[in-house]
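Here the structure is a predicted model, which is why all the values come from computation and not from measurement.
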Amino acid sequence: MTGGREKPGPAGGPRPEVLLALFGAALLLFNFPLLAVWNVPVTVLGLPLLPVALFAIWAGLVALLALASERPRNGGDGAP
């Protein structure tokens with residue numbers, strides 16, 4: 001009897017390496033040296049560049065996490 005807990009497998013979510021890479025990318029992108037690049041007096045569609053860049057970076061990371069977390073539709077064994 002397993003007690004209702006299963007070991008995480010390849011179909012149980014993204015690989016730890018992918019999560020670690022996304023975390024590292026987020027850490028770098030949301031840190032001071034790279035954020036200073038976006039802190040210029042420029043507007044995008046009337047909005048300051050820094051908040052637009054922050055939102056775009058955040059949305060991109062969420063999209064990458066969603067792609068990494070998506071389970072394969074063919075059963076996960078690699079066969080079509």
Side-chain angles (χ1 to χ4, degrees):
M1 188 165 165
T2 62
R5 300 184 102 195
E6 296 181 12
K7 292 182 180 179
R15 296 191 328 232
E17 298 87 15
V18 174
L19 293 177
L20 190 61
L22 286 173
F23 174 76
L27 204 64
L28 289 173
L29 290 170
F30 286 118
N31 214 340
F32 167 69
L34 289 179
L35 281 183
V37 171
W38 304 108
N39 196 16
V40 292
V42 174
T43 60
V44 176
L45 299 173
L47 299 169
L49 182 61
L50 182 61
V52 172
L54 284 174
F55 181 75
I57 292 169
W58 171 78
L61 287 169
V62 168
L64 288 174
L65 183 60
L67 284 174
S69 297
E70 191 171 283
R71 294 182 182 188
R73 294 190 173 106
N74 60 6
D77 61 351

What is the distance from atom [atom1] of [X] to atom [atom2] of [Y], rounded to the nearest 0.5 Å?
X     : Y     : atom1 : atom2 : result
Ser69 : Leu64 : OG    : CG    : 10.5 Å
Leu54 : Leu35 : CG    : CG    : 5.5 Å
Trp38 : Leu50 : CH2   : CG    : 10.0 Å

Heavy-atom closest pair, residues [X] and [Y]:
X     : Y     : result
Leu47 : Val52 : CB-CG2, 3.7 Å
Ala68 : Pro14 : O-CB, 3.5 Å
Phe30 : Ile57 : CZ-CG2, 3.7 Å

Joint hydrophobic cluster, Leu34 plus Phe32, side-chain heavy atoms closer than 4.5 Å: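 As far as the 4.5 Å side-chain criterion goes, Phe32 and Leu34 are not connected within one cluster.
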Apart from Leu27 itself, what residues make up its hydrophobic cluster when side-chain heavy atoms of I, L, V, M, F, W and Y under 4.5 Å apart count as a link, directly or indirectly?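 Members alongside Leu27: Phe23.
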Just jot down the ring-ring contact (aromatic ring centres under 6.0 Å, His included) partners of Phe55, sequence neighbours excluded, or say none.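 Partners of Phe55 by the ring-ring contact (aromatic ring centres under 6.0 Å, His included) criterion, ordered by chain and then number, come out as Trp58.
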